[in-house]
Protein chains: 2
Amino acid sequence: MQHCYDYPRPAVTTDIVVFTLRNERLSVLLIRRARDPYAGYWALPGGFVEPDETLERGALRELQEETGLTQVYLEQLYTFGEPQRDPRGRVISVAYLALAPLEALQPVAASDAAALDWFEAEHLPEMAFDHRDILALARARLRAKLNYSTLAFKLLPETFTFHELQRVYEIVGEQELDKRNFRKFIRSLNVLQETGETRRNGAHKPALLYRLAGSAVIYHDRQGT
Amino acid sequence: MQHCYDYPRPAVTTDIVVFTLRNERLSVLLIRRARDPYAGYWALPGGFVEPDETLERGALRELQEETGLTQVYLEQLYTFGEPQRDPRGRVISVAYLALAPLEALQPVAASDAAALDWFEAEHLPEMAFDHRDILALARARLRAKLNYSTLAFKLLPETFTFHELQRVYEIVGEQELDKRNFRKFIRSLNVLQETGETRRNGAHKPALLYRLAGSAVIYHDRQGT
DNA sequence: ACAAAAGTGTTCTCGATACACCCATGC
DNA sequence: GCATGGGTGTATCGAGAACACTTTTGT
């Protein structure tokens, strides 16, 4: 069945940049394209928006279908609409930024593993369409928002140590931070709850575990550096 | 002639929030809708994206066609895609934020004056679709960006006095600022050029006129408060 | 006892804020 | 000469940055 309109319409897709921390590296989930155009290249997960879903629902659905992921934090990034960005015709893509702790992302193994992989943001493969640009923007946005929001917590599981949180800021921000200043900074945000639990890692003093108070991303004005 | 596709496609439009300062008030340009849906309501200028133009070009073209405006600063704001936002069917709108000094906007008079008007951001009429939400977001974005960019200058003509610049920050930020601190703040950005000219306004000391060095919006980290 | 990570305070610098007076002009 | 807006400097406060040692645990 064909769908006909009086004027030409672009196709609308979502593309999702899923970031997580893996082996102490900022990493992105990519899918290897089996078909032309760009067969063999790697691409962001995503796909066409359906008639009755919001853009955000569409992004979540595609992510679920293509990667098995669910339970990720999602926010709109930017809309890419260069007429020539897809050789098949006019495709406008609403890009989303997604964040999740690696633990929440094990379902990745449930999908076709050959076609799905994590890549370090510093070592990207050849990418399809303008996906490298989208990724670069997502990374810049994430980095910028660390400094005035609690976005970093979305890369951690529900409970975490102070050191793990600091590593998020260090890895994403690409600079080492002073332990005492960092703790002072985080405490000044008043968003941490002690869980009372501790975690033993090795032959060391056990670390206190914390939890974020509330699940909303909070915006503040201080710098996290 | 009909355009047919294998899957249904949404229509894609741009909507433009044009801000300017008028009578010391932040104001928006709106168009009165002649036809249903929302006949008689006011709406943001905008319209369908054509097959061979970028989203930004489409926004500029619609602005030109509907309001006669050209030479505005434009940046992408957000993409609105609720399935029910337009009663005629699925319409996804890429919203743009536009800024310009009132002087650059006189062409407004060239259009159908009955259907076009400026409204104070504080006193909006009944608006069509989700345009009130779009406008609210645009305003929040503008206000936030004042504090870490040179966006405010886009609301001023090429040359301006220090006091005019301060008024932009005060009106958009909705708070009065100290004259000396404000000058110190602006100077620390190192983006001002003296023109050497002065402007006489009334029975007062003439004010020095400045110009922004370069036309690009610059991002900084200091606060403008 | 020692190796390794957890945890804690103080000092300094610099940007943000508060605040009051003289200057140039038109009438 | 006076009313009006244009223009300038200093003192205080607080956040950001630099910096070193003690504590707890496993082996």
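Throughout, a chain's letter reflects where its sequence line sits, starting with A, and its residues are numbered from 1.
Following rounding to the nearest Å, Leu165(B) (CG) and dG7(D) (P) show an atom-to-atom distance of 12 Å. A straight line from CZ of Arg199(B) to P of dT25(C) spans 16 Å, rounded to a whole angstrom. Rounded to an integer number of Å, the gap from Asp221(A) CG to dA15(D) C1' is 10 Å. Straight-line distance from the CD atom of Gln166(B) to the P atom of dG6(D): 9 Å, rounded to whole Å. In this structure, CD of Glu176(A) is placed 15 Å from P of dA17(D), rounded to the nearest angstrom.
The ring-ring contact (aromatic ring centres under 6.0 Å, His included) check on Phe19(A) picks up nothing, with sequence neighbours excluded.
Dense packing is recorded around CD of Glu174(B), with more than 12 heavy atoms of other residues, nucleotides or ligands lying under 6.0 Å away.
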B/S/- along nucleotides 6-15 of chain C (protein heavy atoms under 4.0 Å) is BBBBB-----

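With 3.5 Å as the limit, one finds no donor-acceptor pair spanning the side chains of Ser27(B) and Thr20(B).
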Review item, side-chain donor-acceptor pairs of residues 197-219 of chain A, under 3.5 Å, at least two apart:
from: Arg199(A); atom 1: NH1; to: Glu164(A); atom 2: OE1; distance (Å): 3.2
from: Arg199(A); atom 1: NH1; to: Glu164(A); atom 2: OE2; distance (Å): 2.4
from: Arg211(A); atom 1: NH1; to: Glu158(A); atom 2: OE2; distance (Å): 2.6
from: Tyr219(A); atom 1: OH; to: Lys145(A); atom 2: NZ; distance (Å): 2.9

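Relative orientation of the Tyr78(B) and Phe80(B) rings is perpendicular, given thresholds of 30° and 60° on the angle between their planes.
A residue-by-residue look at Arg200(B) and Ala203(A) shows that Ala203(A) has its nearest nucleotide of DNA chain C further toward the 5' end.
Electrostatic pairing of Glu24(B) and Arg167(B) counts as a salt bridge here, judged by a charged N lying under 4.0 Å from a carboxylate O.
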